[in-house]
Amino acid sequence: MRWRVSPFRCKSNEVIFMRFSKLFGALLLAGIALTAQAKTELIVYTAVEADELAKFKQAIETDYPDLDIKWVRDSTGIITTKLLAEKANPQADVVWGLAVTSIKLLADQGYFQPYAPKGVEKLDPKYVDSAKPPVWVGTRAWIASLCYNTVEAEKSKLPKPASWQDLTKPEYKGKVVMPNPNSSGTGFLDVSAWLQMWGEDKGWKFMDALHENIAQYTHSGSKPCKMAAAGEIPVGVSFAYRGAQEKTKGAPVEVIAPSEGVGWDLESFAIVKGTKKLEAAQQLADWSVTRKANELYNEGYAVVAMPGVAKPVPNFPEGIAAKMIKNDFAWAAKHRETILAEWAKRYDNKSEPKK
């Protein structure tokens with residue numbers, strides 16, 4: 001005897017399957033939507049170099065899948081100005097990778113929510129705010145350096161500078177570019193360092209002499225080194241990370257730490273007071289003090305906050321850490337606005353136009 005399958009039953013099964021598929025698809029889409037909704041968008045103001053932000057976002061969101069990091073990135077001075085302008089109605093949830101001199105300026109105005117990230121005790125105490133709990137926490141130092149294009153220098157028979165004072169010699173006239181400290185954290189750490197190393201009278205006298213040889217002040221700390229790497233200028237006053245990156249990419253530059261000592265600042269983070277995403281902000285803070293984070297910081301920067309992590313960075317000036325000045329961040333933050341106003345009055349006529 002042969003069994004016959006009813007065509008009605010086949011159609012019925014097909015209808016059931018199609019309905020199940022639609023239901024499953026709807027549930028799957030709903031699940032995806034719920035997952036997307038579960039992510040917390042965190043607005044993070046930063047001055048970290050743009051070419052590093054993607055790797056940090058990926059690493060953070062890998063460890064905290066519920067976070068969606070939205071960077072708002074610009075130079076230190078511009079981010080600082082933006083934060084001050086928004087003081088009455090802050091738009092950021094976290095400030096991350098900003099100079100500690102700017103963070104302290106804002107902290108003194110009650111801008112931030114104190115928080116002790118999990119594991120912060122493993123960091124070198126000199127890179128952490130002394131308040132309990134800390135208002136800010138440092139991650140890594142960026143350090144002043146010169147980028148010297150050997151090819152362009154040879155064309156104009158320009159000697160290799162070994163010191164800051166060398167840059168005031170007549171042969172360097174029109175051959176040097178440096179950042180404007182009003183818009184660049186690198187520019188400010190230079191000016192602050194010169195004033196701390198030599199005192200106000202000698203510091204401003206040095207800057208007067210340097211100004212005579214400056215071709216232009218840029219609004220980015222990286223740009224002078226990029227210009228030197230591209231052969232647009234023989235000497236760029238910049239910072240070691242950018243110089244090392246350009247040299248690694250094959251540019252004919254030497255990265256020099258001047259003999260008198262080098263200024264530096266501390267990339268730091270702090271949680272904005274009143275954020276409606278406090279738990280998410282604290283998660284970012286917790287991640288930022290981990291060993292994994294410090295190892296990522298060390299990929300481009302030679303000095304990081306966690307002891308025992310830092311390894312030599314290719315093409316960094318040898319012995320640069322020993323040349324870092326004893327930096328008084330409190331003094332720099334307190335006098336920041338006065339210093340910037342005086343600098344602008346004296347030298348702003350050579351600044352590149354603002355965008």
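Residues: numbered from 1 along the sequence shown.
Of all heavy-atom pairs spanning W164 and G261, the tightest one is NE1-O, 2.9 Å. Shortest non-hydrogen contact noted between L98 and L83 is CD2-CD1, 4.0 Å.
Residue-environment remark: NZ (K323) exceeds the threshold of 12 foreign heavy atoms within 6.0 Å. Sparse packing is recorded around NZ of K334, with 12 or fewer heavy atoms of other residues, nucleotides or ligands lying under 6.0 Å away. N349 CG: more than 12 foreign heavy atoms inside a 6.0 Å radius. In this structure, K118 places its NZ atom where only 12 or fewer heavy-atom neighbours from other residues, nucleotides or ligands lie under 6.0 Å away. Heavy atoms from other residues, nucleotides or ligands lying under 6.0 Å from CD of E121 number more than 12. Under a cut-off of 6.0 angstrom, the local environment of CD in E352 is crowded, with over 12 non-hydrogen atoms contributed by other residues, nucleotides or ligands.
Of the possible polar contacts, one joining the S156 side chain to the E152 backbone as a donor-acceptor pair under 3.5 Å is found. With hydrogens and angles disregarded, a donor-acceptor distance shorter than 3.5 Å links the side chain of K350 to the backbone of H211. Counting only distance, with no hydrogens or angles, the side chain of D265 and the backbone of V100 share a donor-acceptor pair below 3.5 Å. The closest donor-acceptor contact from the side chain of W71 to the backbone of L53 lies under 3.5 Å.
Checking Y347 against N180 by side-chain atom types alone, no donor-acceptor pair falls below 3.5 Å. A donor atom on one side chain and an acceptor atom on the other are found under 3.5 Å apart for N315 and T248. Under the 3.5 Å distance criterion, with hydrogens and angles disregarded, no donor-acceptor pair is assigned to the side chains of T62 and Q58. Side-chain contact annotation: Q196 with N327, donor-acceptor N/O pair under 3.5 Å present. Donor-acceptor pairing under 3.5 Å is recorded for the side chains of E49 and S222. When only modelled atom types and interatomic distance are considered, Y115 and D286 share a side-chain donor-acceptor pair under 3.5 Å.
The closest side-chain heavy-atom distance from Q109 to L84 is below 4.5 Å. In this structure the side chain of I79 never reaches within 4.5 angstrom of the side chain of T46, judged on heavy atoms. W204 has its side chain within reach of E342: a pair of non-hydrogen atoms, C-beta onward, lies under 4.5 Å apart.
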Practice task
Given salt bridge (Lys or Arg N to Asp or Glu O under 4.0 Å), test R242 with D51 step by step and report yes or no.
Solution key: CA-CA 11 Å; R242 182 49 60 197; D51 53 9; 3.0 Å; yes

Exercise for the section: Test V237 against V177 for side-chain contact (heavy atoms from CB on, under 4.5 Å), laying out the working first. Expected result: CA-CA 6 Å; V237 178; V177 168; over 6 Å; no

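Cluster partners of W142 are L189, F239, Y241, Y301, counting Ile, Leu, Val, Met, Phe, Trp and Tyr whose side-chain heavy atoms approach within less than 4.5 Å, directly or via other members.
Ion pairing between E171 and K157 fails under the 4.0 Å rule for side-chain N and carboxylate O. The pair E295-K311 fails the salt-bridge criterion, with no side-chain N (NZ, NE, NH1 or NH2) lying under 4.0 Å from an Asp/Glu carboxylate O. A salt bridge does not link E246 with K226: every distance from a Lys NZ or Arg NE/NH1/NH2 to an Asp or Glu carboxylate oxygen is 4.0 Å or more. Salt bridge K292/D63: present, at least one basic N to carboxylate O contact under 4.0 Å. A salt bridge between D208 and K205 is absent, with no side-chain N of the basic residue lying under 4.0 Å from a carboxylate O of the acidic one. Using a 4.0 Å cut-off between charged nitrogen and carboxylate oxygen, D68 and K277 do not count as a salt-bridge pair.
Between W343 and Y217, a ring centre-to-centre spacing shorter than 6.0 Å is recorded. Checked against a 6.0 Å centroid threshold, the rings of Y45 and W96 do not count as neighbours.
Ring-plane geometry between W287 and Y297 is classed as perpendicular, the angle between the planes exceeding 60 degrees on a 0 to 90 degree scale with a lower cut at 30.
For F329, the ring-ring contact (aromatic ring centres under 6.0 Å, His included) partners are W264, not counting sequence neighbours.
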